Amino acid sequence: MHIRSPTFERLRDLLRPAAPDPAEQLFRLKAVERDIILPIKLLYISFLLYFFYFGPWYGGESGTASEIVESLTEQFFRIYLALNVAVAIFLLKSRRLPLVLGQRVVFVMSFVDTLFLAALTLVTGGFDSTLYWLFPGLIIRNAVSHPVARLQIILNTSVVLSFVIAGILDVVATNYEGTLVNEIGRDNFSVENPAEPFLLRLFVLILLTASCYALQVLFEKARQTSEETREFITRQEQLRAAGRVAAEVAHQIKNPLGIINNAAFALQRSVAAGKPVPLQQIEIIREEVERSDRIVTELMGYAQLAEGTVERLNVISELNRAIGQVFPAAVYRGIQVRTDYDDPLPPLLMQRKHFSEIIVNILQNARDVLPGGGHIDVQAEAQDGTVRVTIADDGPGIPPERTEKIFEPYFSTKPQGTGLGLAIVRHNAEIYSGHVRVESELGHGTRFVLEFPTRTLMKLQK
Amino acid sequence: MSSALPPLLVVDDEKNMRLSLRTILSEEGYTPRLVESAEEALRLLEREPFFMVISDFRLGGMTGGQFLRQCHQRWPDLPVVLVTAYATPKLAAEAIKAGAFDYLPKPFEPEELLNVVARARSVTRCSKRTPCYARTVAMFIGSKTSLANRRTCRSCAN
């Protein structure tokens, strides 16, 4: 019968396995199988070694069914031991564990674990065996190691079935031995009815399998939801940034287009009226075409920042060069630039253009916020494999809600700003694994702190 | 054109935009005065009469929006036309709500601008003779017809 009630549909949706994240799967595989199960197995196998080869209680009467089972189990143990050693080597030695292979290996190993535990259960008393309590452990381990629903269900069902088969085999063996005993004329001993504890134990295993699966689905869904929320926020931010880019591009390009259109209109009218050609309009058109070209080139330049050659930069001379570029001595008398450098500083492996753009953009910002003069402090120091450059001004400062936004492309508070300056700063710093942060308080100036690792490879732009 | 008509004020921080607008407007018989900032425009408006203002939305210093609000407050009868490259319906609605006479997205057709200027001129004339409500009606009809006019202009240009 096909049930189609909304509650059922909802329940089915709720329990439908979510696709687990591969990274998460690999993490679980490593964390459980290598870091938890391996040490446990070491103890478990050591105990079994003792049990099989040195234990005083081991060794049944020869010729009985239990003796045959025990000897078979012992054979199985040897194979099991060899397999475990192989898997342990595989898990410990592979530095970058491949997910699919790892999963297959662990799946087979989990299955063999189940079979071996079933064999041990058979040896140690079937349904009544104390080893029963290892079965729930196996179920939990499978649930954690195998987030993929199908594998987990196959394994845990096999755990339940193995327990059942081991129990039944034990009952059969016991009955057989009982018959033998009867035949040789000894007192008949009653075989306890195993149904009651068996059902209880079976129920616990089935319940555990189901709840582990449900928990797994719930965790996975919760993880996916939080990941999606994060993704949504990031995408939204990207869209907003893209919107600003579009608005800025529109403004930058539409202005010259408007002017060209006006000039062309004036030109057309003059020509139509037979008046002399207004040269000024032609001049305007050419200027605006040139400007549009510059805008497009700048945009392309921003997109291709990572091209060029890397040099060994002397930080001090680069800083001084940038200061000289932004504050030509003859022009800026109101702003005092104070420098304080550790000497010598380790060289930075960067493109000269990138480093210079970073410093020049920050200095230009500082200059623009100090129209009436002020102080700018440029410091450079070396610390634990990092060169730290600090540029501080005593200007009006940045409101706290803007401190992160200022690094976004096309965010500008200046009427004539392109909004690219600080985006370039951050981008240029980040391609060398460096970073930039701003510390500012309204009325107390702004401090840009740049940190560049001295020994990193440049991250190439994807 | 009418010699009694006061000049028209153009506020734009782009030199070439000012120059090209001056050519177009003076060819049509208007007397454009050009300034590059809203602050300068306000100073000039305090001193001299203008029949209308054409202002860019994005200006250095005070923005076109702030300028529009000030103009509307101090000279409620003065038609102010905003021109912008950031043309979104929301911005257009805000501009009209803030008292803009009209709103032109860049790049606009020069005919379109001339049409708006002509409309502003007729409204200014009307405002001198008729009470305020009649002027409002005229403006309302004007803004309703401006879209149709623009379309006509575009099809003419094409």
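A quick note: this is a predicted structure, and the numbers were derived from the prediction, not measured. Below, all heavy atoms of this structure are taken into account, side chains as well, without hydrogens, waters or symmetry copies. Lettering follows sequence order; numbering is per chain, from 1.
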Which distance, rounded to the nearest 0.5 Å, do you find between the [atom1] of [X] and the [atom2] of [Y]?
X        : Y        : atom1 : atom2 : value
A:Arg291 : B:Asn16  : CZ    : CG    : 7.5 Å
A:Ile284 : B:Met17  : CD1   : CE    : 10.0 Å
A:Ile285 : B:Ser20  : CD1   : OG    : 9.5 Å
B:Lys106 : A:Ile253 : NZ    : CD1   : 12.5 Å
B:Leu21  : A:Ile259 : CG    : CD1   : 8.5 Å
A:Asn255 : B:Asp56  : CG    : CG    : 6.0 Å

A:Asn261 (side chain) donor-acceptor with B:Phe108 (main chain) under 3.5 angstrom: yes
Among B:Glu28, B:Glu27, B:Glu111, the one residue meeting salt bridge (Lys or Arg N to Asp or Glu O under 4.0 Å) with A:Arg269: B:Glu28
Residues A:Gln281 and B:Thr23: side-chain donor-acceptor under 3.5 angstrom: yes
A:Gln280 portion near chain B, given a 4.5 angstrom heavy-atom threshold: side chain
Over 12 non-hydrogen atoms of neighbours within 6.0 angstrom of CD in B:Glu48: yes
Residue B:Arg74 excluded, over 12 heavy atoms near CZ under 6.0 Å: yes
Heavy-atom proximity to chain A below 4.5 Å, by part of B:Leu114: side chain
Region of B:Arg18 that comes under 4.5 Å of a non-hydrogen atom in chain A: neither
